[in-house]
Amino acid sequence: MVRRLTSVSPFTEFRKSCVTILEDALSKTLPRASVLSFMFAVPPSPGFGELSSSICFELAKKIKKTPLELAKQIVKVMNVSPFPLIQSTQAAGGGYINFHADYAELSSMTFKSAQILDTEYGHVKTDEPKSIIVEHTSVNPIHPIHVGHARNPVLGDALARILTAHGHKVSRHYYVDDVGRQSAVIAYGYEKLGKLKPEGKLDHSIGTIYTITSCITEIQRLKRELDQAKESAPAEEVTKLQQELDDWASAAVDLEGRFPQLFNELLGAINKDKNPEHRVNDLVRGYEAGEEEAKQLIREVCQICIEGFRETLDRAEIFLDSWDWESSFAWNGDVARTLDELKKTPYVFRVGDVLEFDAEKVVQDFDLKEKLGLRKGYEVPSLTLMRADGTTLYTTRDIPYSLWKLQRVEKVINVVGMEQKLSQMQLKLTLYALGHRDIAENLIHFAYNLVTLPGYVMSSRRGRYITMDEVMDEAVRRAYEEVTKRSPHLPDEQKRQISDIVGIGAMKYALVEVDPAKPVTFTWDRVLDFEKNSAPYIQYSHARACSILRKASGKPKNPDYSLLTKPKERDTIVMLARFPEVFLDAAKNLRPNTIADFANALADKFNSFYTALRVIGAEPVELGDARLALVDATRIVLRNALNLLGIVAPERM
RNA sequence: GGGCCCGUGGUCUAGCCUGGAUAAGACGCUGGCCUGCGGAGCCGGAAAUCCGGGGUUCAAAUCCCCGCGGGCCCGCCA
């Protein structure tokens, strides 16, 4: 057997050795026992080794022995000598078999691998590289990206980075939702203001114009509806309309107070129109139909807003490869064609002039109930494809877009909030209906839960939201205070550079750290915690590792890894060796938060290590050299882990 | 009414997919550690009916069933 000196995944080498040795031992002890899989667990404490098997609990049932007796018997026939990574095996507890790693071998392999692979250590490549589109962010171009949205770009970007590191060819797409009433409303307001490019941050200005325009037009619309309703409609409906009108009226007061000049300018201009509704509706219809005037106007406003988005995302180092316009699928006829195709299937029915898609029938015909994780009795609601007036709906237009994406790549990951779970499923079902069963299965909805603010109801109606820009500003400002306090000697330029890295890293970490299925409550405390369990804490550990390496004179010359016997050393080594497996799990199962968790845990171990044990000047020199190699490997792993999340690892802070 | 997601020390989170040994970490509280590689740090302490009740299993925070609490969805909005 050739002894391997390096590996893309040192802990996996150890794991494989354990499987082999256990298989051998089992075939000697219980030749007739058939074991399907060898699952190993990480024991609760290092005293139990690095891996353990509970297989004896199962096997003992079939023979007349206790699990512990069997474990002892199996361990007895094990010969670890052909396996350099295994130091020893033992039977323990009620019947576990524990496998202890040889730390000298494991650390040697781990440190060498980290040094040689460097920026690639841990980024284990897939055997089946695929082309993948990650669609993320896709905030409507009518207001800025706010904290409620911010989890999307951060998660999407981390996913894209992880999948790229895994060897896939990833393309990051932004779906610009420019069709529909909202875009027409902002275009209308923009037109009324004389089509001047707004001052200040573009998406923020667009957001304000949109909110005010929408407020004024809604009030006028409701007033008219109310007048009509008073004539004919039941009292109940009148009350409802009145309530809605009151809501908007109070929003108007609020908005006028905050933006008096803009509000009155828009109010004056809109009041000159007899019925703004006509113009807005005209724009909605004209834009979807591809009429030149509407096209120019709406595209122009959207572009302005997107320019602002790009600035925000650039600052967060989140980059997109493609901006896909919803309207282009309407204009090139794809939407109409898709609708025609769908109409030919048995899954579309009419309710009056409205077209409905029978999602439930597709589930039944294609036998998808179990596959989609649906309960037996559950009926998937139908999806409206076309309004009575012939215009389409959002999800309808998403069908040709999804096909377009799926025809270009082998897998599409849509980073979309989980509140859209149903429509994402209906979308997938339309693909089945259209006969694209094969590619439909390549469409993945990466769902995440909402971000909420305590004691602060975000309201797009009132234009009250905390923008991602504000979060970054505040995070960077606080980081600057910290840097100034802690490293007053640094030149200001460097302080600013560091506070950017720290502040933005802190924001990203807070949004990516939590399991996407769980909601995040946004508080400044949470995001800007510069202490434990945060990006700054991990970044600090990285900076300290760099600092030690700077102070040490040169590379380790003659390390003796067998001297790394302290628990604090071993804990760190094992984590470094495990990083590739953690990465693999994150990449295969799309779990970016596990990377954040790992990085934090490694920083914990490393901090304990270097405060307790001296690196530079340790005696003997071979020990100092071995520890130096450990520090360098930690630096590499911390940096590689942070980079997967789009967080920069600073060398000083 | 139906469906999905979440529920773990006072607070926030990991673990749940793939069951396994004393449920891990952080904040807060509390007691220590700066003439030794950067104190954004380290070492200790108190603190948990893993929402409740059944079930499966040698073994349940984890799997199944029934509840409870919170959020979301079921639109000719996006």
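No experiment lies behind these values; they were computed from the predicted model shown.
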Partner nucleotide, any strand, of [N] [Watson-Crick/G-U, under 3.5 Å]:
N      : answer
G28(B) : none
G69(B) : C6(B)
G41(B) : C33(B)
C77(B) : none

Compare side-chain N and O positions of [X] against OP1 and OP2 of [N] and report whether any pair is under 4.0 Å apart.
X         : N      : result
Arg526(A) : U11(B) : no
Lys568(A) : C43(B) : yes
Tyr509(A) : A40(B) : no

Is the glycosidic torsion of C12(B) within 90° of 0, making it syn, or is it anti?
-> anti
Just by distance, with hydrogens left out, do [X] and [Y] show a side-chain donor and acceptor under 3.5 Å apart?
X         : Y         : answer
Asp324(A) : Tyr174(A) : no
Glu569(A) : Thr572(A) : no
Ser327(A) : Asp178(A) : yes
His100(A) : Glu50(A)  : no

Candidate nucleotides A40(B), C58(B), C74(B), ranked by approach to the side chain of Pro381(A) - the nearest |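 Ranking A40(B), C58(B), C74(B) by closest atom to the Pro381(A) side chain puts C74(B) first.
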Heavy atom of residues 600-619 of chain A under 4.0 Å from RNA chain B: which residues?
->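 Close to the strand are Asp604(A), Asn607(A), Ser608(A), Tyr610(A), Thr611(A), Leu613(A), Arg614(A), Val615(A), Ile616(A).
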Which of residues 514-523 of chain A have a heavy atom under 4.0 Å from RNA chain B?
-> Val514(A), Asp515(A), Ala517(A), Lys518(A), Pro519(A)
Is the distance between the ring centroids of His143(A) and His149(A) less than 6.0 Å?
-> yes
Ring centroid separation Tyr96(A) to Phe57(A) under 6.0 Å =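 For Tyr96(A) and Phe57(A), the ring centres are under 6.0 Å apart.
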May I have the list of side-chain donor-acceptor pairs in residues 595-606 of chain A shorter than 3.5 Å, sequence neighbours left out?
unit_1: Asn600(A); atom_1: OD1; unit_2: Asn533(A); atom_2: N; d: 3.4
unit_1: Asn600(A); atom_1: ND2; unit_2: Asn533(A); atom_2: OD1; d: 3.4
unit_1: Asp604(A); atom_1: OD1; unit_2: Tyr537(A); atom_2: OH; d: 2.4

Can you find a donor-acceptor pair, distance only, under 3.5 Å between Ser52(A) side chain and A21(B) base?
->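 In this structure, the two groups form a donor-acceptor pair.
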Any N/O donor-acceptor pair, Asp597(A) side-chain to A24(B) base, under 3.5 Å | no
So what does Ser534(A) touch, heavy atoms closer than 4.0 Å: a base, only the sugar-phosphate, or nothing?
-> nothing
Under 4.0 Å between any heavy atoms, over every strand shown, what does Lys421(A) touch: base, sugar-phosphate, or nothing? Just pick one.
-> sugar-phosphate
Reported [atom1]-to-[atom2] distance for the pair [X] and [Y], which is rounded to 0.5 angstrom:
X         : Y         : atom1 : atom2 : answer
Leu68(A)  : Cys56(A)  : CG    : SG    : 8.5 Å
Arg285(A) : Thr391(A) : CZ    : OG1   : 10.5 Å
Leu584(A) : Phe11(A)  : CG    : CZ    : 13.5 Å

Tyr378(A) aromatic ring stacked with six-membered ring of G3(B), 5.5 Å and 30° |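 Stacking is absent between G3(B) and Tyr378(A), given that the ring centres and planes do not meet under 5.5 Å and under 30°.
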Tell me: [atom1] of [X] to [atom2] of [N], nearest whole Å?
X         : N      : atom1 : atom2 : value
Gln539(A) : G41(B) : CD    : C1'   : 15 Å
Met425(A) : C5(B)  : CE    : C1'   : 14 Å
Asn593(A) : A14(B) : CG    : C1'   : 9 Å
Leu59(A)  : U57(B) : CG    : P     : 19 Å
Arg397(A) : C76(B) : CZ    : C1'   : 12 Å
Arg652(A) : C37(B) : CZ    : P     : 16 Å
Tyr540(A) : C37(B) : OH    : C1'   : 11 Å
Met653(A) : G39(B) : CE    : C1'   : 13 Å

Residue pair Thr523(A), Asp525(A): steps toward the side chain to side chain donor-acceptor pair (under 3.5 Å) verdict = CA-CA 5 Å; Thr523(A) 62; Asp525(A) 267 5; 5.7 Å; no
With sequence neighbours left out, what residues match Gln497(A) under side chain to side chain donor-acceptor pair (under 3.5 Å)?
-> none
Would you please name every residue forming a ring pair (Phe, Tyr, Trp, His ring centres under 6.0 Å) with Tyr465(A), sequence neighbours left out?
->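 So Tyr465(A) forms a ring pair (Phe, Tyr, Trp, His ring centres under 6.0 Å) with His146(A).
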With C1' as the reference atom in both, quote the distance from G54(B) to G20(B) in angstrom, rounded to an integer.
-> 23 Å
A correct 5'-to-3' footprint of nucleotides 63-73 of chain B, with B, S and - meaning base, sugar-phosphate only and no protein heavy atom under 4.0 Å, is --------BSS
